[in-house]
Each structure stands twice: as structure tokens, then as C-alpha cells.
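There's a structure below that I have some questions on.
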Amino acid sequence: MKIYNTLSRQKEEFVPIEEGKVRMYVCGPTVYNFIHIGNARPMIVFDTVRRYLEYKGYEVNYVSNFTDVDDKIINKAIEEGRSAAEVSRQYIEECKKDMEGMNVKPATAHPLATEEIHGMLAMIETLMDKGYAYRAQDGTVYYRTRKFPEYGKLSHKNLDDLQAGHRDIKVTGVQKEDAFDFVLWKPKKEGEPYWESPWCDGRPGWHLECSVMAKHYLGDEIDIHAGGEDLIFPHHENEIAQSEAANGKIFSRYWMHNGFLNIDNKKMSKSLGNFFTVREIQEKYDLQVLRFFMLSAHYRSPLNFSAELMESAKAGLERIVTAAGNLQHLLGASQTGPMTEAEAALYEESGAFVAKFEAAMEDDFNTADAVSAVFELVKFANSNATAENSREFLEKLYERLDTLCGILGILVERKEEILDADIEALIAERQAARKEKNFGRADEIRDTLLAKGIILEDTREGVKWKRA
Ligand code: AMP
Ligand code: ZN
């Protein structure tokens with residue numbers, strides 16, 4: 001299996017540290033809002049990497065954090081007059097719902113930065129002892145970047161070139177020894193969450209959080225570290241500097257980075273107004289469509305989001321689900337008994353699509369080609385499966401389709417349609433729950449309906465609903 005490693009800028013054969021096991025860390029979102037479809041890309045593609053590794057028989061320890069202390073969270077909390085912890089807790093829950101909708105498996109561990117402060121203090125202490133960190137007058141602790149000779153090895157940047165290219169990078173204030181030194185611990189500001197430390201009351205720097213959470217849950221040496229390409233510099237470069245200086249070991253063997261998701265060929269940004277949350281997409285599409293759309297491109301390529309491409313993903317997914325539904329239908333009417341010789345030969349022929357699928361995935365997880373192999377299998381099933389076939393043949397063909405789609409995290413079973421009468425009954429129950437101030441139950445009903453593609457709107461004339 002080959003993985004493109006950002007470190008070497010080459011595809012490399014994957015060899016895990018420990019046979020049969022993979023330790024994988026994926027940088028998770030900062031939770032101050034609903035996640036957007038850009039955040040969804042690393043979740044979907046690296047979940048697919050995990051699923052393929054599991055299919056290959058690896059035991060994958062998959063860790064993905066939530067950054068739950070950050071300026072953006074604090075600002076949102078101030079804006080809304082509630083605590084940062086309340087804001088992050090809310091959006092972690094919302095994020096988990098989106099992940100479920102996109103069929104992203106829960107990680108083995110989802111650590112929260114605020115619950116790992118102890119480890120952060122310990123790592124700073126080690127870095128201090130080794131001379132890689134220093135405390136400035138105001139209590140800020142900085143990492144002494146130039147002391148780490150390999151700084152720049154991931155992003156292929158050289159500090160001197162960077163400095164020459166950016167004359168404006170000067171030492172700011174008198175606090176830092178060098179412009180490239182970055183924060184490990186910063187003093188609290190009025191009204192901000194803080195923890196006590198030997199250097200000052202304050203909070204950790206973002207880069208430190210990931211180094212520490214990876215160490216806690218996966219150890220000093222991990223196999224794969226992943227995230228969006230914007231994280232290569234400085235986030236991942238700084239993580240390497242911290243972890244390798246503190247632990248004295250190579251931090252991660254393979255670094256994987258997904259390309260960016262653009263909208264209508266423009267960079268997605270709030271200011272341009274071309275910004276979608278996963279929740280907004282869910283109002284129009286089953287999130288399986290979003291997942292299928294994301295996997296239609298190679299994870300390292302930029303991917304353009306447009307209504308047209310989503311429609312085509314929807315149609316593609318429908319072809320697969322329909323083929324699977326047909327096989328199920330035929331199964332109901334099929335002859336019991338084993339495969340005939342002719343069927344066995346046909347079944348073997350369909351193995352070529354599995355081989356093609358695997359070859360694509362083995363080549364740096366080329367999901368675009370893997371999806372093509374699934375379509376070929378669908379075409380094969382459509383033209384070869386009939387009601388005259390044996391049960392065994394139809395079952396095996398269905399299983400084959402189900403397995404390949406399962407690796408992509410795509411469900412082949414059509415979701416059960418919910419009847420209008422059931423929707424009305426649930427809405428009535430929700431109204432009753434609200435009257436009794438049982439808002440937990442009321443929210444639960446809204447979420448259940450949303451998962452089935454039913455959107456509720458509270459209007460002056462009462463509750464209205466529509467199908468997504
Ligand atoms: P953040 O919450 O900004 O730390 O981002 C969480 C994850 O989403 C990181 O791995 C980012 O690299 C990734 N990400 C953010 N925006 C995009 C985008 N437009 N396309 C792809 N990945 C993104
Ligand atoms: Zn990170």
C-alpha cells in the first residue's frame with residue numbers, strides 16, 4: 001500500500017511501526033460553530049483511509065481531537081454572554097451529529113484540549129529542561145524554534161529563506177528571542193478560561209495541544225498524522241518541533257494532507273458569502289450524497305463544490321442504491337441452493353472489480369478510481385443478476401457490492417421512508433413535550449426527524465415541515 005508522505009513529497013510503501021496495528025491522529029475542528037463542508041472533507045477522507053486499513057486487517061487506533069479552547073470560541077462566548085465551555089460543548093455535540101449523518105465512525109478517542117492540560121504542562125516542563133522553551137517576562141512560554149535543526153522538514157521551508165523573503169517578520173516587542181519562536185503557553189486575559197502553571201495563569205498554545213493529545217493516546221511514535229493542507233505550516237511543523245524535541249523520537253512516519261474544498265471555483269470564505277455548513281447541506285441532501293461527492297475526487301486534489309456536482313453525486317449514489325435494491329428484490333424471488341458452475345464463473349469474473357478497487361485504494365487511496373470500480377460492479381450486477389439465479393450467487397454479489405461501498409462509508413440500503421402520518425404524530429408529541437418544558441425530548445424528536453430528512457419550521461401559524 002502506497003501513501004503520499006508530505007515529509008518526503010513521495011508515495012511511500014506503508015510499513016506500520018507495529019505489525020498489524022496503525023496509530024493515526026487527525027486534527028479535528030475548533031468548535032465554535034457548526035462545522036462547514038470544508039471541515040467535513042478531512043473527516044470523510046481520513047475515515048475512508050481508516051476503513052480501508054481495517055478492511056486490510058489492521059487494528060486502527062484512530063484519534064481525533066476537538067480544539068475546545070481558542071480565541072474564536074472565547075469571542076463567540078463573549079458575544080453570546082455564556083461560557084466558552086458551554087459554546088464548545090454545544091458544538092461538539094452538533095459536530096458529532098453531522099459526523100453520524102456523514103457516516104464517519106466515532107474515533108477510538110476524541111480528546112478535548114481542556115482535559116489534557118496536565119500533559120501540556122508536563123511537555124512544556126520537558127522542553128524547558130532541554131532548553132527548547134523559555135519564559136518571557138509577561139509569563140508567555142515560547143518554543144525556541146532555531147534550536148530544532150530540522151525545523152521546516154515537513155513544509156520544506158528554511159527559516160533563513162523565510163526571513164529573507166519576509167523582511168516584515170521582525171521580532172515583535174521585547175518578549176520573543178526570535179521572530180519564529182511560537183507560543184506554548186500564554187497568559188490569561190480578563191474573562192478568559194485559564195489554568196494555573198509555574199509560568200503564569202493562562203492557557204496552552206494550539207500546536208502544543210495536538211502534540212500532547214497524540215502522545216497521550218498513541219504514544220511518542222505514531223504511524224499517520226493527518227489534516228487539511230493548511231495545517232502543514234505552521235501547525236504540523238510546530239507539532240514536529242515540539243514532539244521530537246520533547247520525546248527524542250520521530251513523531252509521525254507518514255503525514256497525509258487533504259486538498260481544499262472550494263465553492264464554485266472560489267475559495268470558500270465567510271466574507272465572500274459562499275460558505276455552507278454541513279447542516280445547510282443536510283436540508284437539501286442526504287449527507288450520504290455529500291460523502292459520495294467528497295470521494296469522487298482524489299483526497300489531495302482541490303475539490304470544487306457546486307450544485308451541479310452534488311446533483312451528479314446524488315444520481316451516482318442512486319444508481320448504486322438501486323442496484324443493491326434490485327439484488328435484494330431478486331433475492332426474495334430466487335431459487336434456493338448453491339451457485340451453478342456458470343454462476344461461479346460469473347462471480348469470479350466480478351472479482352476483477354474488487355481487484356481494481358483495491359489497486360486504486362492501494363495507490364494512495366485513489367477513491368475516484370475506487371468509485372469507478374464500484375460503478376463497474378453495479379453495471380455487471382445489473383446485466384447479470386436475474387430472478388433465475390441461485391440465492392448464493394445473488395447473496396454473494398450483494399455482499400461484494402456492500403463490502404466495497406462499506407469501505408467508502410457508503411450505505412447501500414435505501415433509508416426507510418417515513419410516512420406523513422408518522423411525521424405528524426412525532427410533531428404532536430414534540431409540541432406536547434415543549435408544553436411540559438421537556439426540551440430534551442423535543443430536541444430529540446427534531447433530530448430524529450432531521451435524520452430522516454424532515455425539516456421542521458416553527459412559524460406563527462404552528463409547526464410546518466418539509467422533506468429535504
Ligand atoms: P479548523 O477548525 O479550521 O481547525 O479546521 C479543521 C479541519 O478542517 C482541518 O484539518 C482543516 O485543514 C480542515 N479544513 C478547513 N477548511 C477546509 C477546506 N475549505 N477544505 C478542506 N479542508 C478544510
Ligand atoms: Zn493539530
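This one's a predicted model, so the numbers in the text were calculated from it and none came from an experiment. Basis for what follows: all heavy atoms, side chains included, without hydrogens, waters or symmetry-related copies. As the structure lists them, so they are numbered: ligands from 1, and atoms in each ligand from 1.
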### Summary
Of all protein heavy atoms, the one nearest atom 16 (N) of ligand 1 is His36 CE1, 3.4 Å

### Query
Salt-bridged, Arg146 to Glu177, with N to O below 4.0 Å?
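The answer is no: the pair does not qualify as a salt bridge.
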
### Query
Judged by non-hydrogen atoms, does Gly259 sit under 4.0 Å from ligand 1?
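True for this residue.
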
### Task
For atom 18 (C) of ligand 1, state which one of Cys27, Gly28, Gly38 supplies the nearest heavy atom.
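Nearest option to atom 18 (C) of ligand 1, by heavy atoms: Gly38.
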
### Query
Using the ring of each side chain (for Trp, its six-membered ring), is Phe182 parallel, tilted or perpendicular to Tyr143, with breaks at 30° and 60°?
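Plane angle under 30°, so parallel.
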
#### Entry: Heavy-atom nearest neighbour in the protein, as seen from atom 2 (O) of ligand 1, with distance rounded to 0.1 Å
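Scanning the protein heavy atoms, the shortest distance from atom 2 (O) of ligand 1 goes to Thr30 N, 3.0 Å.
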
#### Entry: Six-ring centre of Tyr4, Arg300 cation under 6.0 angstrom, axis tolerance 45°
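Relative to the ring axis of Tyr4, which defines the angle, Arg300 lies inside both limits.
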
### Query
Numbering the atoms of ligand 1 from 1, which are under 4.0 Å from a heavy atom of Gly228?
10 (O), 12 (O)

### Task
Indicate if the distance from the Zn ion (ligand 2) to the nearest N, O or S atom of Cys27 falls below 2.8 Å.
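Yes.
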
### Query
Any nitrogen or oxygen of Asp230, main chain or side chain, under 3.5 Å from a nitrogen or oxygen of ligand 1?
yes

### Message
Taking only non-hydrogen atoms of His257, do any sit less than 4.0 angstrom from ligand 1?
### Response
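For ligand 1, residue contact (heavy atoms, under 4.0 Å) with His257 is absent.
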
### Query
Under a 4.0 Å N-O cut-off, is there an ion pair linking Arg430 with Asp458?
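Result for this pair is yes, salt bridge flagged.
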
### Proximity to ligand 1 by part of Asn39, non-hydrogen separation under 4.0 Å
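Both backbone and side chain.
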
### Query
Is the distance between the Zn ion (ligand 2) and the nearest N/O/S atom of His236 smaller than 2.8 Å?
no

### Task
May I ask you to decide whether Arg50 forms a salt bridge with Glu54, counting only side-chain N to carboxylate O separations under 4.0 Å?
yes

#### Entry: Which of the ligand 1 atoms, numbered from 1, are nearer than 4.0 Å to a heavy atom of Leu261
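Matching atoms, with element in brackets: 18 (C), 19 (N), 20 (N), 21 (C).
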
### Task
Could you tell me whether the side chains of Glu239 and Ser243 share a donor-acceptor contact shorter than 3.5 Å?
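No pair is found: no donor N or O on one side chain lies under 3.5 Å from an acceptor on the other.
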
### Nitrogen or oxygen of Trp206 less than 3.5 angstrom from that of ligand 1
no

### Task
Please assess Lys157 against Glu237 for the test salt bridge (Lys or Arg N to Asp or Glu O under 4.0 Å), listing each intermediate value before the final yes or no.
CA-CA 10 Å; Lys157 289 184 196 293; Glu237 198 68 72; over 6 Å; no

### Query
Counting heavy atoms only, which part of Asn258 comes closer than 4.0 Å to ligand 1: side chain, backbone, both or neither?
side chain

### Task
Quick one: the NE2 of His235, the Zn ion (ligand 2), SG of Cys210 angle, rounded to 10°, please.
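Approximately 110° at the metal, rounded to tens of degrees.
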
### Query
Is it true that Phe66 and Tyr91 have ring centroids separated by less than 6.0 Å?
no

### Task
Check step by step if side-chain contact (heavy atoms from CB on, under 4.5 Å) holds for Tyr299 and Met256.
CA-CA 10 Å; Tyr299 75 90; Met256 296 180 75; 3.3 Å; yes

### Task
Say whether Pro42, considering both its backbone and side-chain N or O atoms, lies within less than 3.5 Å of an N or O atom on ligand 1.
no

